[in-house]
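Before any comments, here is the structure.
Quick caveat: nothing in here was measured; it's all calculated off a predicted structure. Because only heavy atoms are used, hydrogens play no part in the values below, and waters and symmetry mates are left out as well, while side chains stay in. By convention here, the first residue in the shown sequence is residue 1.
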Amino acid sequence: MSLLPILKYPDLRLTKKAAVVTEFNDELKQLAADMAETMYKAPGVGLAATQIDRHIRLIVIDVSEEKNELLVLVNPEVIEKSEETKVCEEGCLSLPGIFDKVERASQVKIRAQNLEGKSFEIDCDGLLAVCVQHEMDHLEGKVFVDHLSQLKKTRILHKIKKQRLEKAKEEKAATNPS
């Protein structure tokens with residue numbers, strides 16, 4: 001297994017819509033395993049293939065405390081969603097250090113396939129419902145900040161640029177000590 005580089009917002013590759021998975025093979029299983037390892041190491045609770053520049057409909061999620069309940073969703077689709085919504089603070093591995101409140105359905109029912117191509121359904125609520133909807137947004141080329149106002153998005157972009165400038169200065173200082 002290997003760690004995969006995660007695209008950082010506002011990378012335009014994050015806006016690309018993912019294609020349906022049609023081949024269920026060892027390559028797909030290896031990609032899912034590498035994505036899971038990357039997600040756990042980051043650390044995160046979900047990762048979509050879009051975030052690692054693979055534009056296929058594949059998601060890995062683990063919202064368990066012990067990090068031992070990996071859920072792999074291939075070609076996931078929402079088949080039911082509650083009218084009731086919930087506002088939760090979200091973060092994203094593609095936007096490290098950035099968090100904001102997003103309103104989503106409090107419960108969703110998902111139909112997906114496993115790594116062998118077998119279809120299954122899962123009822124999601126709580127953190128799992130939030131995570132599934134968040135990761136499925138990535139497959140549509142959306143990140144959680146797309147749910148925010150333009151003002152908040154602009155502030156986040158400025159914050160990211162500032163963080164990257166500071167990091168570049170620190171790296172430069174570390175390689176060129178006075």
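Side chains of Val45 and Lys67 form a contact here, defined as non-hydrogen atoms less than 4.5 Å apart. Residues Val72 and Ile59 are not in side-chain contact: their nearest non-hydrogen atoms beyond the backbone lie 4.5 Å or more apart. The side-chain heavy atoms of Leu139 and Leu58, taken from C-beta on, include no pair separated by under 4.5 Å. Taking the side chain as every heavy atom from C-beta outward, Gln51 and Leu14 approach each other to under 4.5 Å. No side-chain heavy atom of Val20 sits less than 4.5 Å from a side-chain heavy atom of Ile56. The shortest distance between side-chain heavy atoms of Glu121 and Lys109 falls below 4.5 Å. With contacts defined as side-chain heavy-atom distances shorter than 4.5 Å, the pair Met136/Val78 qualifies. Side-chain contact between Leu128 and Leu71: present, with at least one pair of heavy atoms (C-beta onward) separated by less than 4.5 Å.
With rounding to the nearest 0.5 Å, the separation of NE2 in His138 from CG in Asp146 is 9.5 Å. Here the CG atom belonging to Asp34 is positioned 8.5 Å from the CG atom belonging to Leu3, to the nearest 0.5 angstrom. Atom SG of Cys124 and atom CG of Leu73 lie 7.5 Å apart (nearest 0.5 Å). The CD atom of Glu140 sits 12.0 Å away from atom OG1 of Thr15, with the distance rounded to the nearest 0.5 Å. Summarising the geometry, atom CG belonging to Asn75 is positioned 7.0 Å from atom CZ belonging to Arg57; distances are rounded to the nearest 0.5 Å. Rounding to the nearest 0.5 Å gives a distance of 9.5 Å between CZ of Phe144 and CZ of Arg104.
Residues Val143 and Leu93 are members of separate hydrophobic clusters, defined by side-chain heavy-atom contacts under 4.5 angstrom among Ile, Leu, Val, Met, Phe, Trp and Tyr. By the rule that hydrophobic residues join a cluster once side-chain heavy atoms approach within less than 4.5 Å of another member, Leu127 and Val60 end up as members of separate clusters. In the hydrophobic cluster analysis, where Ile, Leu, Val, Met, Phe, Trp and Tyr join through side-chain heavy atoms closer than 4.5 angstrom, Val63 is grouped apart from Val102. A continuous path of hydrophobic side-chain contacts links Ile52 to Leu115 [ILVMFWY only; heavy atoms under 4.5 Å]. When the side chains of ILVMFWY residues are joined at heavy-atom separations under 4.5 Å, either directly or via intervening members, Ile61 and Ile122 end up in a single hydrophobic cluster.
The shortest non-hydrogen separation linking Thr38 to Ser2 is OG1-O, 3.9 Å. Shortest non-hydrogen contact noted between Asp53 and His55 is OD1-NE2, 2.8 Å. Scanning all heavy atoms of the two residues, the minimum distance from Asn114 to Phe120 falls at N-CE2, 3.6 Å. Annotation for Cys131 and Gly46: closest pair SG-CA, 4.0 Å, computed over non-hydrogen atoms.
Judged purely by distance below 3.5 Å, without hydrogens or angles, the side chains of Ser106 and Ser82 pair a donor atom with an acceptor atom.
Taking 4.0 Å as the cut-off between side-chain N and carboxylate O, Glu80 and Arg111 do not count as a salt-bridged pair.
The local environment of NZ in Lys142 is sparse, with at most 12 non-hydrogen atoms from other residues, nucleotides or ligands closer than 6.0 Å. The environment of CD in Glu27 is sparse: at most 12 heavy-atom neighbours from other residues, nucleotides or ligands sit within 6.0 Å. Heavy-atom neighbours of Glu84 CD from other residues, nucleotides or ligands within 6.0 Å: at or below the threshold of 12. The number of heavy atoms from other shown groups lying within 6.0 Å of NZ (Lys101) does not exceed 12.
The backbone N or O of Lys8 sits nowhere less than 3.5 Å from a side-chain atom of Asp11 that would complete a donor-acceptor pair. Between the side chain of Gln133 and the backbone N or O of Ala129 there is at least one donor-acceptor pair closer than 3.5 Å. One N or O on the side chain of Ser94 and one on the backbone of Leu7 form a donor-acceptor pair closer than 3.5 Å. Judged purely by atom type and a 3.5 angstrom limit, Glu166 has no side-chain atom pairing as donor or acceptor with the backbone of Gln163. Checking side-chain atoms of Glu103 against main-chain N and O of Thr85 turns up no donor-acceptor pair under 3.5 Å.
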**Q.** Test log, rule side-chain hydrogen bond (donor to acceptor under 3.5 Å, both in side chains), inputs Asp137 and His147
**A.** CA-CA 10 Å; Asp137 273 357; His147 293 277; 2.6 Å; yes
**Q.** Verdict with supporting geometry, Leu148 and Ile156, side chain to side chain contact (heavy atoms under 4.5 Å, CB included)
**A.** CA-CA 10 Å; Leu148 306 177; Ile156 287 169; 3.7 Å; yes
(Q) Under the criterion side chain to side chain contact (heavy atoms under 4.5 Å, CB included), I'd like the reasoning laid out for Asp62 against Met39: C-alpha separation, chi angles, the key distance, then a yes or no. (A) CA-CA 9 Å; Asp62 190 342; Met39 173 191 69; 3.9 Å; yes
**Q.** Ile98 vs Lys159, side chain to side chain contact (heavy atoms under 4.5 Å, CB included): CA-CA, chis, key distance, verdict
**A.** CA-CA 9 Å; Ile98 306 293; Lys159 184 176 181 178; 3.6 Å; yes
Q. Given the rule in the side chain to side chain contact (heavy atoms under 4.5 Å, CB included) test, do Ile160 and Arg164 qualify, once you have shown the distances and angles that lead to the verdict?
A. CA-CA 6 Å; Ile160 289 169; Arg164 289 184 183 156; 3.4 Å; yes
